[in-house]
Amino acid sequence: SMYDLTKIRVEIDANIALVTFDAPPVNAQNAVFSEEIKTCFDQLSVDDDVRVVVLTGAGKIFSAGTDLNRTGPVTRDDLRSARESFHCIVECKKPVICALNGPALGSGLTVAASCDILVASEKASLGLPEIDIGLMGGGRHAQRLFSHSRLRRMALTGYRVPGPEPYRLGIAEACVPPEELMPTAMNLAREIAAKSPLAVQLFKQTLNTIEYM
């Protein structure tokens with residue numbers, strides 16, 4: 001298929017694309033992964049069979065963030081590639097529902113924050129652990145989700161926000177037992193897929209634009 005990727009699975013059925021991060025053991029992101037995210041979401045944008053995207057992670061973790069076992073220094077190209085991968089989700093013409101199956105940390109949180117709608121498993125959590133290893137990042141994207149005080153608590157202490165909390169704060173649309181996560185996300189996807197595709201795409205684009213006006 002057009003989605004011939006090594007770290008991401010894409011299954012399309014009834015105008016819904018199920019995209020699964022599948023880079024064991026923790027779906028950590030590196031340059032290859034970033035490039036695949038870009039390829040995947042750019043292709044989903046122009047795929048006429050797709051009206052809505054559901055994004056989730058294989059295994060127990062959505063994404064533990066940037067791969068720290070990489071060799072050599074992080075280059076400007078790596079950083080640009082990572083930035084562009086997040087933008088490709090934001091800019092994807094189709095709405096993206098994030099089904100948070102487990103922890104989304106660091107750049108994993110950034111991916112979640114780049115999606116349009118979040119639904120969480122009770123096993124999910126959101127965090128910025130970079131401070132624990134003397135790094136930083138993800139603040140701008142986390143700002144889309146969290147309030148001033150909570151964001152600073154997360155960034156400066158490494159606090160992980162557990163699954164029910166994003167729902168309580170209105171950051172996620174639901175917090176459900178793990179076995180109900182995908183049915184919940186798919187129900188939402190079907191609801192959107194039933195609408196006028198052109199109206200849905202225009203509205204997403206408009207919401208993206210007015211967010212920064």
Side-chain angles (χ1 to χ4, degrees), residues 1-67 69 81-82 84-127 141 163 166 172-193 204:
S1 83
M2 301 175 287
Y3 301 94
D4 190 20
L5 306 164
T6 61
K7 295 173 182 293
I8 302 175
R9 293 200 310 267
V10 182
E11 303 154 71
I12 298 168
D13 183 43
N15 299 124
I16 298 166
L18 174 58
V19 176
T20 308
F21 286 164
D22 192 5
V26 295
N27 297 322
Q29 294 168 47
N30 56 22
V32 175
F33 204 158
S34 291
E35 288 301 317
E36 289 204 358
I37 291 173
K38 284 158 56 176
T39 302
C40 178
F41 281 89
D42 282 349
Q43 184 62 49
L44 289 165
S45 266
V46 297
D47 191 330
D48 290 334
D49 290 334
V50 176
R51 293 186 178 192
V52 192
V53 181
V54 174
L55 173 61
T56 194
K60 295 191 166 142
I61 294 178
F62 177 75
S63 173
T66 305
D67 188 354
N69 297 322
S81 185
E84 286 175 2
S85 73
F86 310 137
H87 280 302
C88 284
I89 299 173
V90 174
E91 300 292 320
C92 180
K93 291 196 167 88
K94 319 297 166 65
V96 183
I97 297 169
C98 182
L100 275 179
N101 56 298
L105 308 175
S107 57
L109 181 151
T110 303
V111 166
S114 300
C115 298
D116 294 291
I117 297 173
L118 276 71
V119 290
S121 155
E122 288 165 355
K123 299 265 169 75
S125 60
L126 293 164
H141 291 270
E173 287 306 296
C175 180
V176 296
E179 63 277 10
E180 288 174 31
L181 178 66
M182 294 319 293
T184 302
M186 284 298 178
N187 279 337
L188 204 46
R190 280 190 286 272
E191 226 181 302
I192 295 171
K204 170 167 176 172

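Nothing fancy with the numbering, it's 1 onward along the sequence. Given the structure is predicted, the values throughout are model-derived calculations rather than measurements.
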Colleague: Using the side-chain contact (heavy atoms from CB on, under 4.5 Å) rule, take Leu105 and Val26 through it: C-alpha gap first, then chi angles, then the decisive distance, then the call.
Modeller: CA-CA 10 Å; Leu105 308 175; Val26 295; over 6 Å; no
Colleague: Where is the tightest heavy-atom contact between Cys88 and Lys38, given as atom of each residue plus distance?
Modeller: SG-CG, 3.7 Å
Colleague: Let me confirm one number: the CZ-CZ distance from Arg51 to Arg190, rounded to the nearest 0.5 Å.
Modeller: 14.5 Å
Colleague: Have Glu35 and Ser81 got a donor and an acceptor in their side chains that come within less than 3.5 Å?
Modeller: yes
Colleague: Do the side chain of Glu36 and the main chain of Thr6 share a donor and acceptor less than 3.5 angstrom apart?
Modeller: yes
Colleague: Taking all non-hydrogen atoms of both residues into account, name the closest pair between Ala185 and Val54 and its distance.
Modeller: CB-CG1, 4.0 Å
Colleague: Check the pair Leu18 / Asp13 against side-chain contact (heavy atoms from CB on, under 4.5 Å), numbers first and verdict last.
Modeller: CA-CA 8 Å; Leu18 174 58; Asp13 183 43; over 6 Å; no
Colleague: With the side chain counted from C-beta on, respond yes when Val119 and Val176 share a heavy-atom pair under 4.5 Å apart, and no when they do not.
Modeller: no
Colleague: For the side-chain contact (heavy atoms from CB on, under 4.5 Å) test, which of Val96, Val53, Leu55 pairs with Leu44?
Modeller: Val53
Colleague: For Lys93, is the NZ atom crowded, meaning more than 12 foreign heavy atoms sit under 6.0 Å from it?
Modeller: no
Colleague: Verify the neighbour count for atom NZ of Lys123: are there more than 12 heavy atoms of other residues, nucleotides or ligands below 6.0 Å?
Modeller: no
Colleague: To the nearest 0.5 Å, how far apart are NZ in Lys204 and SG in Cys92?
Modeller: 5.0 Å
Colleague: Side chains of Pro166 and Leu126: closer than 4.5 Å at any heavy-atom pair?
Modeller: yes
Colleague: So which heavy atom on Ala64 is nearest to which on Ile61, and how close?
Modeller: N-CG2, 3.6 Å
Colleague: Give me the atom names and distance for the closest heavy-atom approach of Val52 to Ala189.
Modeller: CG2-O, 3.5 Å
Colleague: Any side-chain heavy atom of Phe33 within less than 4.5 Å of one from Ile8?
Modeller: yes
Colleague: So do the side chains of Val50 and Ile12 get within less than 4.5 Å of each other, counting heavy atoms only?
Modeller: yes
Colleague: Using only atom types and a distance under 3.5 Å, with no angle test, would you say the side chain of Asn27 pairs donor to acceptor with the backbone of Ala58?
Modeller: yes
Colleague: Is a donor on one side and an acceptor on the other found under 3.5 Å between the side chain of Ser121 and the backbone of Leu181?
Modeller: no
Colleague: Please name the pair of heavy atoms, one in Asn101 and one in Gly59, separated by the smallest distance, quoted to 0.1 Å.
Modeller: ND2-O, 3.1 Å
Colleague: Tell me, with the steps shown, if Gln43 and Val10 meet side-chain contact (heavy atoms from CB on, under 4.5 Å).
Modeller: CA-CA 11 Å; Gln43 184 62 49; Val10 182; over 6 Å; no
Colleague: Rounded to the nearest 0.5 Å, how far apart are SG of Cys40 and CG of Asp4?
Modeller: 12.0 Å
Colleague: About how many Å separate CD1 of Ile192 and CG of Asn15, when rounded to the nearest 0.5 Å?
Modeller: 12.5 Å
Colleague: Which heavy atom of Lys94 sits nearest a heavy atom of Asp47, and at what distance?
Modeller: NZ-O, 2.8 Å
Colleague: Rounded to the nearest 0.5 Å, what's the gap from OG on Ser63 to CD1 on Ile37? Could you check?
Modeller: 7.5 Å
Colleague: Taking atom CD of Glu173 as the centre, does the number of heavy atoms from other residues, nucleotides or ligands within less than 6.0 Å exceed 12?
Modeller: no
Colleague: Would you give the length of the straight line joining atom NZ of Lys7 to atom OG of Ser34, rounded to the nearest 0.5 angstrom?
Modeller: 10.5 Å
Colleague: Would you call the rings of Phe21 and Phe62 parallel, tilted or perpendicular if under 30° counts as parallel and over 60° as perpendicular?
Modeller: tilted
Colleague: Are Phe41 and Ser85 packed together at the side-chain level, in the sense that at least one heavy-atom pair is separated by less than 4.5 angstrom?
Modeller: no
